[in-house]
2 protein chains.
Amino acid sequence: MSLRHAVLGLLAERPASGYDLMKLFETSLSHVWSATQSQVYGELGKLADSGLVEVAAEGPRGRKEYAITDPGRAELRHWLVETEPSRTRRSDSLLRVFFLGLLTPLEAQTYLLTEAERSARQLAGLKEAEAAIEWDDDPLSLHGRLALEYGKRLSAMHEEWARWAAEQLKAGR
Amino acid sequence: MSLRHAVLGLLAERPASGYDLMKLFETSLSHVWSATQSQVYGELGKLADSGLVEVAAEGPRGRKEYAITDPGRAELRHWLVETEPSRTRRSDSLLRVFFLGLLTPLEAQTYLLTEAERSARQLAGLKEAEAAIEWDDDPLSLHGRLALEYGKRLSAMHEEWARWAAEQLKAGR
DNA sequence: CATTGACGTGTCAAGAGTGGAATGTAAAGT
DNA sequence: ACTTTACATTCCACTCTTGACACGTCAATG
């Protein structure tokens, strides 16, 4: 249900077309929220119907530039300050850990160490991305930075945990 | 798509009815994967159709006890060792961070500190749960412990990060 | 014996999310 | 002039997930 708010949030920065939004999802939001083209256009239609956004301008190639409206801004604010983030507990990689007992101890350790390496690679990728981005003073950048730091800490934690867990399995026999 | 594997994994430990599985989802797997009753029964039906599980016994009240089959075990193993955990990046709470610029600095800091407290409470809850559980030698327990440790580390990291981020916002002005 | 509560299975509607295809226009390069 | 690339929207078919509802059984309690 947060796709709606992701779109509103992006439009709150500046007006954009569906196409623009998709690119924003792929770039700035890629590590935080993903959306496909069908979702974005669909959501824009629904948001327009309920008056939270409006078509502010039409451009070449049938381009429709959407802008957030006052009710839209109110809804966004409401979401930010008055609703709790949903704790959707669902992790594919953690689920596997529960069933590691079905593998041989060696296989299980291999799985965990592979996970550790995946995380290490991801951390490296994030650091690279961080270095590559020109951090302008745009508010999305500022807060994007906070999110990036979260990603870095998460990767690091995941790696350490996986190595620890592999160690536990080794010691447990 | 991992609900299927969660069900298979649980049935690999021991045969169970749909009702039993639901309780397992609510207890042992609650922090890792959630499932509703409709999903569980629906998935059991599909799994039975494709021969990955079978009805091993029928009990009172129309109870059907399902057991994993050899093809089921093969599928589970295949999932564990040969497929990559899906990195579905979608975090409600992180999405909000991107849009914190729409609030006043004070409101944004409040949000982050509230997040920190939520995490602290969660960590406390996990520690409590850890103390309360009798850890038998059942393989689900052993690996459940690893997952619990993950949860603890995640909560701790989340809290630290939120406090750090709030500090950043304060310093940034 | 009547009621209550835990046990147990199942269906349905609606919404969220995925993945792909169809269709076309404008701009830029060769 | 021609072709490619980028821009831009819309539609479709499918699966997954949620939440509620409907139905029925067994065991214990007062």
Side-chain angles (χ1 to χ4, degrees), chain A residues 1-8 10-11 15-27 29-30 32-50 52-67 79 83-84 86-92 95, chain B residues 1-8 10-11 15-27 29-30 32-50 53-67 79 83 86-92 95:
Chain A
M1 197 48 191
S2 291
L3 169 65
R4 159 178 241 95
H5 299 109
V7 169
L8 280 176
L10 290 173
L11 288 180
S17 68
Y19 192 85
D20 293 337
L21 289 175
M22 278 174 50
K23 280 195 298 180
L24 286 172
F25 272 103
E26 280 162 24
T27 55
L29 290 189
S30 68
V32 167
W33 203 274
S34 65
T36 59
Q37 149 263 63
S38 335
Q39 272 182 289
V40 171
Y41 283 109
E43 197 61 48
L44 277 173
K46 282 186 244 162
L47 285 168
D49 285 348
S50 48
L52 302 182
V53 305
E54 62 187 5
V55 177
E58 308 212 1
R61 282 167 281 212
R63 173 189 172 99
K64 277 186 265 181
E65 199 173 68
Y66 289 89
W79 171 70
T83 66
E84 282 221 0
S86 78
R87 297 250 167 277
T88 303
R89 336 160 173 303
R90 220 164 239 182
S91 159
D92 191 342
L95 181 61
Chain B
M1 196 46 194
S2 291
L3 168 65
R4 159 176 243 98
H5 299 109
V7 170
L8 280 176
L10 290 172
L11 288 179
S17 68
Y19 192 84
D20 293 339
L21 289 175
M22 276 173 50
K23 280 194 298 180
L24 287 171
F25 272 104
E26 279 162 25
T27 56
L29 290 189
S30 69
V32 167
W33 203 273
S34 65
T36 60
Q37 157 258 59
S38 342
Q39 272 182 290
V40 171
Y41 285 111
E43 196 61 48
L44 278 173
K46 283 186 242 161
L47 284 168
D49 285 348
S50 49
V53 305
E54 63 187 4
V55 178
E58 310 211 0
R61 280 168 278 212
R63 174 191 171 97
K64 280 186 262 180
E65 198 172 70
Y66 289 89
W79 171 69
T83 65
S86 79
R87 298 249 166 277
T88 302
R89 318 199 153 289
R90 222 163 237 182
S91 159
D92 192 340
L95 180 61

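Residue numbers begin at 1 in each chain, while the letters A, B, ... track the order of the sequences. Worth saying up front: this structure is predicted, and the values here are computed from it rather than measured.
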Would you mind reading off the distance between [X] atom [atom1] and [N] atom [atom2], rounded to a whole angstrom?
X	N	atom1	atom2	answer
A:Met22	C:dG17	CE	C1'	15 Å
B:Tyr66	C:dG10	OH	C1'	10 Å
A:Phe25	C:dA16	CZ	C1'	14 Å
A:His5	C:dA16	NE2	P	11 Å
B:Glu43	C:dT11	CD	P	15 Å
A:Leu3	C:dT18	CG	C1'	13 Å
B:Glu58	C:dG8	CD	C1'	13 Å
A:Leu47	C:dG15	CG	C1'	15 Å

For [X] and [Y], work out which heavy atoms get closest and say how close.
X	Y	result
B:Ala35	B:Val40	CB-CG2, 4.1 Å
B:Ala6	A:Leu95	CB-CD2, 3.8 Å
A:Ala48	A:Tyr66	CB-CE2, 4.3 Å
B:Tyr41	B:Tyr19	OH-N, 3.4 Å
A:Leu44	A:Val53	O-CG2, 4.1 Å

Check the pair B:Glu58 / B:Lys64 against salt bridge (charged side-chain N to carboxylate O under 4.0 Å, His left out), numbers first and verdict last.
CA-CA 5 Å; B:Glu58 310 211 0; B:Lys64 280 186 262 180; over 6 Å; no

Do any N or O atoms of the protein come closer than 3.5 Å to N or O atoms of nucleotides 19-22 of chain C, and which pairs are they?
from	atom 1	to	atom 2	distance (Å)
C:dG19	N7	A:Ser38	OG	3.4
C:dG19	O6	A:Ser38	OG	2.7
C:dG20	O6	A:Gln37	OE1	2.9
C:dG20	O6	A:Ser38	OG	3.0
C:dA21	N6	A:Gln37	NE2	2.6

Are the side chain of B:Ser17 and the backbone of B:Asp20 linked by a donor-acceptor contact shorter than 3.5 Å?
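Side chain of B:Ser17 to backbone of B:Asp20: a pair is present.
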
Determine yes or no for a side-chain-to-main-chain donor-acceptor pair under 3.5 angstrom, with A:Ser34 supplying the side chain and A:Ser30 the backbone.
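No: the side chain of A:Ser34 does not pair with the backbone of A:Ser30.
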
B:Arg90 side chain N/O closer than 4.0 Å to the phosphate oxygens (OP1, OP2) of C:dT18?
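True: B:Arg90 side-chain N/O within range (under 4.0 Å) of C:dT18 OP1/OP2.
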
side-chain N/O A:Lys46 vs C:dG15 OP1/OP2, d < 4.0 Å
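A:Lys46 to C:dG15 OP1/OP2: no side-chain N or O under 4.0 Å.
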
Got a list of protein N/O to nucleotides 1-8 of chain D N/O distances below 3.5 Å?
from	atom 1	to	atom 2	distance (Å)
D:dC7	OP2	A:Tyr19	OH	3.1
D:dA8	OP1	A:Arg63	NH1	2.9
D:dA8	OP2	A:Arg63	NH1	2.7

Just jot down the side-chain contact (heavy atoms from CB on, under 4.5 Å) partners of B:Thr36, sequence neighbours excluded, or say none.
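Residues passing side-chain contact (heavy atoms from CB on, under 4.5 Å) with B:Thr36: B:Ser38, B:Gln39.
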
Taking the nucleotide of DNA chain C with the nearest heavy atom to each, does B:Gly42 or A:Ala35 sit closer to the 5' end?
B:Gly42

